[in-house]
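Down below is the structure, laid out as structure tokens.
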Amino acid sequence: MGNFTRITNKRIATVLLPLAAAASFLTLGTITQAAAQHSEQPGKNQNKQTVRKGFAPVNGLQIYFEIHGVPNPTRPPLVLLHGGGDTIQTSFGQILPALAGERQIIAFEQQGYGHTADTAGRPFSFEQSADDTAALLEYLHIEKADLFGYSNGGTIALQVAIRHPRAVRKLVVASALVKRDGAYPWLWDAMSNATLENMPQDLQRDYLKVAPQPENLRMMHDKAVQRMRDFKDIPADAIRSIIAPTLVVVGDADVIRPEHAVETFRLLPHAQLAVLPGTDHMQVTSRTRWLASMIGGFLDAPTAK
């Protein structure tokens, strides 16, 4: 969600790429597909945990992924789904180390974002991204996982639970859109005038820094905008069909209206709700102490039978 028009309000400006997170300094560096295809690269994160990096052949893509930590027999892995226009780092760079201290983390970059090259003839869609997520888990031999989706990633996480329920144990959905009226009207007005020329330079730089095909910047922009222009409400019955326990998170000054988060919470059969005070859209995943504690407690709580 978002727009690429020049808006003076800093909080609005940071959603200029479909609910993109504020541009962050990327620490991963560029990894070419030719060197990393079908391989994994060992490394260390800030907490000295093992990190593996690689590319997975999924649905005609080479999806870039990272695995932080080792499998825990008592806790399924937590899969991170980044926001629109983001990378792993811009969505989760601050909170990932805290989450990885307790459980294995799997993070990846979706079609056309970050290190993952695009496919020219395939548009972006939430449903396709959900299918790609499930296919990646299958490739990694993971039968069931917890999912944490932020912004567009939250919408994708819900679609995974709808389309591939057996792959999901629990969900955390932060600043997720389910219905068009869940976002403020100014967002949709701005989307209609979105252009690459008005895309913030810092977001362009972050894309160009890691993209295997930097010439696809305009294609990424246009597909991201079109996905939001084409956004259709997820039917209420589909939300009600989600059996996975779900933690719904929203900032009280978010792009997503708090009322929409409450409505989503009410539709989900097994849900909890957290409204973060004094928090706009770009601050949600940087509220590390609040959010890491909430997520850990939610994921570790026994599932009602």
Is [X] salt-bridged to [Y], going by a charged N under 4.0 Å from an acidic O?
{"X": "Glu143", "Y": "Arg166", "answer": "no"}
{"X": "Asp146", "Y": "Lys170", "answer": "no"}
{"X": "Arg218", "Y": "Glu197", "answer": "yes"}

For [X], does the [atom1] atom sit with more than 12 other heavy atoms under 6.0 Å from it, leaving out its own atoms?
{"X": "Glu215", "atom1": "CD", "value": "yes"}
{"X": "Glu259", "atom1": "CD", "value": "yes"}
{"X": "Arg266", "atom1": "CZ", "value": "no"}

List the atom of Leu99, the atom of Ala292, and the distance in Å for their closest heavy-atom pair.
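Shortest heavy-atom separation between Leu99 and Ala292 comes out as CD2-CA, 4.3 Å.
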Which heavy atom of Ser91 sits nearest to which heavy atom of Gly83, and what is that distance?
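Scanning both residues completely, I find the closest heavy atoms to be OG-N, 2.9 Å.
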Qualifying residues under salt bridge (Lys or Arg N to Asp or Glu O under 4.0 Å), relative to Arg75, sequence neighbours excluded:
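Partners of Arg75 under the salt bridge (Lys or Arg N to Asp or Glu O under 4.0 Å) test: Glu102, Asp300.
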Measuring from atom [atom1] of [X] to atom [atom2] of [Y], what distance do you get when rounded to the nearest 0.5 angstrom?
{"X": "Leu177", "Y": "Asn152", "atom1": "CG", "atom2": "CG", "answer": "8.0 Å"}
{"X": "Thr246", "Y": "Leu158", "atom1": "OG1", "atom2": "CG", "answer": "7.0 Å"}
{"X": "Phe65", "Y": "Ile106", "atom1": "CZ", "atom2": "CD1", "answer": "8.5 Å"}
{"X": "Thr133", "Y": "Leu81", "atom1": "OG1", "atom2": "CG", "answer": "5.0 Å"}
{"X": "Leu187", "Y": "Arg180", "atom1": "CG", "atom2": "CZ", "answer": "9.0 Å"}
{"X": "Phe126", "Y": "Ile162", "atom1": "CZ", "atom2": "CD1", "answer": "12.0 Å"}

Would you say Arg287 and Ile95 make side-chain contact, with heavy atoms under 4.5 Å?
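SC-SC contact between Arg287 and Ile95 ruled out.
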Under a 4.5 Å cut-off applied to non-hydrogen side-chain atoms, are Leu276 and Val250 in contact?
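A side-chain contact under 4.5 Å is absent here.
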If you apply the rule salt bridge (charged side-chain N to carboxylate O under 4.0 Å, His left out), what do you find for Glu263 with Lys179, and how did you get there?
CA-CA 10 Å; Glu263 182 180 2; Lys179 298 170 59 178; 3.1 Å; yes
With distance as the sole criterion, is a donor-acceptor pair present between the side chains of [X] and [Y] under 3.5 Å?
{"X": "Tyr184", "Y": "His260", "value": "no"}
{"X": "Asp131", "Y": "His164", "value": "yes"}
{"X": "Gln111", "Y": "Asp118", "value": "yes"}
{"X": "Gln128", "Y": "Asp132", "value": "yes"}
{"X": "His68", "Y": "Glu66", "value": "yes"}

With the 4.5 Å side-chain cut-off for hydrophobic clustering, are [X] and [Y] part of the same group?
{"X": "Leu147", "Y": "Ile243", "value": "no"}
{"X": "Val210", "Y": "Met219", "value": "no"}
{"X": "Val168", "Y": "Tyr139", "value": "yes"}
{"X": "Met220", "Y": "Leu196", "value": "yes"}

His82 and ring-ring contact (aromatic ring centres under 6.0 Å, His included): which single residue from Tyr64, Phe92, Tyr150, Tyr113 fits?
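Among Tyr64, Phe92, Tyr150, Tyr113, the one meeting ring-ring contact (aromatic ring centres under 6.0 Å, His included) with His82 is Tyr113.
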The test is side-chain hydrogen bond (donor to acceptor under 3.5 Å, both in side chains); show your working for Asp222 and Gln226 and say whether it passes.
CA-CA 6 Å; Asp222 292 349; Gln226 195 60 48; over 6 Å; no
Would you check if the side chain of Asp233 reaches a backbone N or O of Pro235 as a donor-acceptor pair within less than 3.5 Å?
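Side chain of Asp233 to backbone of Pro235: no pair is present.
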Please say which of Asp254, Val262, Asp252, Val248 ends up in a side chain to side chain contact (heavy atoms under 4.5 Å, CB included) with Val275.
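Running side chain to side chain contact (heavy atoms under 4.5 Å, CB included) over Asp254, Val262, Asp252, Val248 with Val275 returns exactly one hit, Asp252.
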